[in-house]
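Report on one structure; see the data block that follows.
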Amino acid sequence: LGVEVHRPGVGHLLRLADDAGLTNLRVINHDAVDVMRQQIPDRTLDRVQLFFPDPWHKKRHHKRRLIQPDFVELLCSRLKPGATLHLATDWENYAEHMMEVLSAERLLVNSAGPGAYAPRPSYRPLTKFEQRGLRLGHGVWDLVFERQPADTC
């Protein structure tokens, strides 16, 4: 299940899926916060992957960033215990913000160790945003966290 608010991004994804012959993909063209809140039941997801979300790089826009404590708490409520939350960004400041927010969530444990970024897993596709970031000399940071059962926290 893919969730994307940017309509041209949905069209591009569907074209790539068709080119690859994929038949098991569903895409929702809507805001991810609303989808998580209204359409995904508690403790049903095995993995959430959020790759290269808009960094809202200007300081005055940081409040618009998707990764905020309230959204991460919502994500945790939708993840099964043992499920994975995997984020990636090519903006160092956003990576630091993500690390701070995820590390503060009591239901999440960093699979790479406290404060450490994960190496890029082989299953993560190389996105056009990542390629662009690498061309611009940006680093890329992966954050892979596991959702813990509430009674172990």
Linking I/L/V/M/F/W/Y whenever any side-chain heavy atoms sit under 4.5 Å apart, do [X] and [Y] land together?
X: Leu126; Y: Leu22; result: no
X: Leu50; Y: Trp91; result: yes
X: Val27; Y: Val3; result: no
X: Val35; Y: Val33; result: yes
X: Phe51; Y: Val144; result: no

Is it the case that the side chain of [X] and the backbone of [Y] share a donor-acceptor pair, with hydrogens and angles ignored and the cut-off at 3.5 Å?
X: Arg78; Y: Arg37; result: yes
X: Gln68; Y: His62; result: yes
X: Arg147; Y: Lys80; result: no
X: Asn29; Y: Val5; result: yes
X: Thr84; Y: His86; result: no

Give the minimum heavy-atom separation between [X] and [Y], together with the two atoms involved.
X: Thr44; Y: Pro41; value: OG1-O, 2.8 Å
X: Ala95; Y: Tyr117; value: O-OH, 3.3 Å
X: Pro53; Y: Met98; value: CG-CE, 3.7 Å
X: Ala150; Y: Leu107; value: CA-CD2, 3.7 Å

Between Glu105 and Glu73, is the side chain to side chain contact (heavy atoms under 4.5 Å, CB included) condition met? List the steps.
CA-CA 7 Å; Glu105 172 53 57; Glu73 183 179 349; 4.0 Å; yes

Are [X] and [Y] side-chain neighbours, meaning at least one heavy-atom pair lies under 4.5 Å?
X: Phe52; Y: Val140; answer: yes
X: Glu96; Y: Trp141; answer: no
X: Cys76; Y: Leu108; answer: yes
X: Val48; Y: Leu87; answer: no
X: Gln38; Y: Asp31; answer: no

Rounded at 0.5 Å granularity, tell me how far [atom1] in [X] sits from [atom2] in [Y].
X: Asp142; Y: Arg124; atom1: CG; atom2: CZ; answer: 4.0 Å
X: Thr89; Y: Met99; atom1: OG1; atom2: CE; answer: 12.0 Å
X: Leu14; Y: Glu4; atom1: CG; atom2: CD; answer: 11.0 Å

Mind checking side-chain hydrogen bond (donor to acceptor under 3.5 Å, both in side chains) for Asn110 and listing every partner two or more places apart, or none if nothing turns up?
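For Asn110 there are no side-chain hydrogen bond (donor to acceptor under 3.5 Å, both in side chains) partners, ignoring immediate neighbours.
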
Residues that His97 engages under side-chain hydrogen bond (donor to acceptor under 3.5 Å, both in side chains), provided they are two or more places apart
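His97: no side-chain hydrogen bond (donor to acceptor under 3.5 Å, both in side chains) contacts found.
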
Cation-pi geometry met for Arg47 and Tyr123 (6.0 Å, 45°)
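The answer is yes, since Arg47 meets both limits relative to Tyr123.
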
Taking the basic N atoms (NZ, or NE/NH1/NH2) and the acidic carboxylate oxygens, is any pair closer than 4.0 Å for Arg65 and Asp54?
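A salt bridge is absent here (no side-chain N lies under 4.0 Å from a carboxylate O).
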
What do the steps show when you test Gln39 against Ile28 for side chain to side chain contact (heavy atoms under 4.5 Å, CB included), and what is the final call?
CA-CA 11 Å; Gln39 297 181 24; Ile28 298 174; 3.5 Å; yes

Salt bridge (charged side-chain N to carboxylate O under 4.0 Å, His left out) partners for Asp70, two or more places apart:
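Residues passing salt bridge (charged side-chain N to carboxylate O under 4.0 Å, His left out) with Asp70: none at all.
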
Check the pair Phe145 / Val109 against side chain to side chain contact (heavy atoms under 4.5 Å, CB included), numbers first and verdict last.
CA-CA 5 Å; Phe145 281 69; Val109 172; 5.7 Å; no

Heavy-atom count around Glu100 CD within 6.0 Å, excluding the residue itself: above 12?
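No, CD of Glu100 has 12 or fewer neighbouring heavy atoms, counting only those of other groups under 6.0 Å.
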
Only one of Arg132, Glu130, Gln131 passes side chain to side chain contact (heavy atoms under 4.5 Å, CB included) with Asp90; say which it is.
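With Asp90 as partner, Arg132, Glu130, Gln131 yield a single side chain to side chain contact (heavy atoms under 4.5 Å, CB included), made by Arg132.
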
With side chain to side chain contact (heavy atoms under 4.5 Å, CB included) as the test, would you mind laying out the steps for Tyr94 and Ile67 before giving the verdict?
CA-CA 9 Å; Tyr94 200 11; Ile67 300 304; 3.7 Å; yes

